[in-house]
There are 2 protein chains.
Amino acid sequence: MSGANELRSRVRAHGKRVTPQRQLVLDAIRAAGGHVTTNEIFTHVSAAASSVNRTTVYRNLDFLCEMRLVVAAQIGGKMYYEIAGEEPHHHLVCRHCDSVGEISHRTVKALFDKIEREQSFVVDMDHLALFGLCAECRHTVSKPKLRTRRKRGG
Amino acid sequence: MSGANELRSRVRAHGKRVTPQRQLVLDAIRAAGGHVTTNEIFTHVSAAASSVNRTTVYRNLDFLCEMRLVVAAQIGGKMYYEIAGEEPHHHLVCRHCDSVGEISHRTVKALFDKIEREQSFVVDMDHLALFGLCAECRHTVSKPKLRTRRKRGG
DNA sequence: TAGGCAGTTGCAAATAGTTGCAATAATGCC
DNA sequence: GGCATTATTGCAACTATTTGCAACTGCCTA
Ligand SMILES: [Mn+2]
Ligand SMILES: [Mn+2]
Ligand SMILES: [Zn+2]
Ligand SMILES: [Zn+2]
């Protein structure tokens with residue numbers, strides 16, 4: 001099951017509706033082919049249908065995440081969205097050079113499984129962002145400026 | 001080294017300054033004895049010194065996190081702050097009942113170590129929040145409503 | 001202790017994201 | 001297709017947070 005129909009079936013299964021706005025938001029993310037910001041998505045949607053309200057875009061981004069069709073993560077103070085692949089994936093973000101690396105779900109899942117065994121808590125995160133120092137900066141930098149800045153969201 | 005002097009020494013070491021506002025924010029978090037919201041912190045600070053500006057509180061929350069004297073995490077749409085203990089700790093947040101459990105650093109560190117070995121990336125997160133289904137809800141709930149809502153931060 | 005530099009603060013204005021609500025429009029059913 | 005039901009949308013008001021900037025004040029040095 002691919003593309004457009006993925007939206008239809010997934011949404012219907014939850015008693016929700018398929019709307020053109022919803023499609024446009026999903027298309028915008030799909031078109032980006034990777035991590036896109038809220039603003040880039042809104043711009044792309046606007047280009048296709050200028051009447052779509054910003055609020056609607058925000059709401060549908062939340063919606064698509066709930067439907068698990070899209071994954072999100074806050075990196076460097078911005079929220080990034082991306083089409084959810086068959087297999088989840090995660091990221092390693094360098095606090096010093098802002099590089100964004102990837103890490104397989106397999107690696108991370110080991111922890112999730114351990115948590116499930118030890119505490120019966122089922123972790124279901126499909127797009128984690130872990131911060132730290134990348135291989136390069138680790139050697140280059142003597143006294144890394146640890147940007148810990150987190151957006152509060154409001 | 002404890003309390004008030006921890007602030008002094010840690011801040012000085014970074015060429016930064018100790019100000020009464022800074023102390024007040026730290027005191028407010030310390031007084032709470034656990035997770036506190038931005039707003040609770042501001043209220044507490046205001047009670048002690050009504051002249052302190054909200055912006056200053058925001059800025060010092062970021063600052064104290066950078067100094068690693070305070071840790072933060074976004075849970076349920078709100079940012080929570082807490083005094084950083086000697087040993088980091090992390091949380092397990094249920095998407096269904098919103099309960100917030102704890103998980104030791106030891107458990108999580110296993111993953112961080114593996115990442116360091118495999119990718120030479122040094123993860124340094126000291127207050128991670130992992131979302132999923134708690135032991136109770138896991139049994140109780142058949143079709144959990146997965147609240148994936150994430151604040152975008154602005 | 002006085003003076004100066006750089007880090008901080010308060011204020012006002014700008015942003016970004018959220019919420020309530022009435023108007024619309026997908027769906028399901030006849 | 002026509003109709004009822006209810007999810008969704010667009011708007012406008014509102015809230016929370018961020019930013020620029022000039023005034024202020026720790027803290028180092030002489
Ligand atoms: Mn990604
Ligand atoms: Mn905590
Ligand atoms: Zn780096
Ligand atoms: Zn629960």
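The model shown is predicted, which means the values in this text are computed figures rather than measured ones. First the proteins, then the strands, lettered A, B, ... as listed; each starts at 1.
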Under 4.0 Å: is that the gap between some side-chain N or O of A:Gln21 and OP1 or OP2 of C:dA25? no
Within the pair B:Asn53 and C:dT8, is there a side-chain N or O less than 4.0 Å away from OP1 or OP2?
no
Contacts of A:Thr37 meeting side chain to side chain donor-acceptor pair (under 3.5 Å) (sequence neighbours excluded), chain-then-number -> A:Glu40
Which part of the nucleic acid, if any, lies within contact of B:Asn39, taking any heavy atom under 4.0 Å across all strands shown: a base, the sugar-phosphate backbone alone, or nothing?
nothing
Taken to the nearest whole Å, CG/A:Leu24 to P/D:dG10 is 10 Å
In whole angstroms, the gap separating P of D:dA16 from CD of B:Glu40 amounts to 13 Å
With the side chain defined as heavy atoms from C-beta on, A:Arg59 is closest, among D:dT8, D:dG10, C:dA16, to D:dG10
Atom NZ of A:Lys78 and atom C1' of C:dT15 are separated, to the nearest Å, by 13 Å
* Please indicate whether B:Glu118 has more than 12 foreign heavy atoms, meaning atoms of other residues, nucleotides or ligands, lying under 6.0 Å from its CD. => yes
Rounded to whole Å, the CD-P distance (B:Gln23 to C:dT9) equals 11 Å
note: B:Asp62, atom CG; D:dT18, atom P; distance rounded to Å ~ 7 Å
note: B:Asn60, atom CG; D:dT18, atom C1'; distance rounded to Å ~ 15 Å
By nearest-nucleotide position on DNA chain C, the 5'-leaning member of B:Gly15 and B:Thr55 is B:Gly15
Atom CZ of A:Arg54 and atom P of D:dA12 are separated, to the nearest Å, by 15 Å
Between A:Arg22 and D:dT8, is there a contact of a side-chain N or O with OP1 or OP2 at under 4.0 Å? yes
Would you tell me whether A:Ser46 and A:Thr43 have side-chain atoms, one donor and one acceptor, within less than 3.5 Å of each other?
-> no
Atom OH of A:Tyr58 and atom P of C:dT15 are separated, to the nearest Å, by 13 Å
Tested for side-chain contact (heavy atoms from CB on, under 4.5 Å) against B:Leu26, the lone hit among B:Leu61, B:Val18, B:Ile83 is B:Ile83
Hits for side chain to side chain donor-acceptor pair (under 3.5 Å) against B:Ser99, two or more places apart or cross-chain, chain-then-number order -> none
Going 5' to 3' through nucleotides 25-30 of chain D and flagging B where a protein heavy-atom sits under 4.0 Å of the base, S where only the sugar-phosphate is that close, and - otherwise, we get BBS---
- [ ] Please state whether the rings of B:His89 and B:His35 are parallel, tilted or perpendicular, taking 30° and 60° as the class boundaries.
- [x] parallel
For residues B:Met67 and B:His14, determine if any side-chain heavy atom of one lies less than 4.5 Å from a side-chain heavy atom of the other.
-> yes
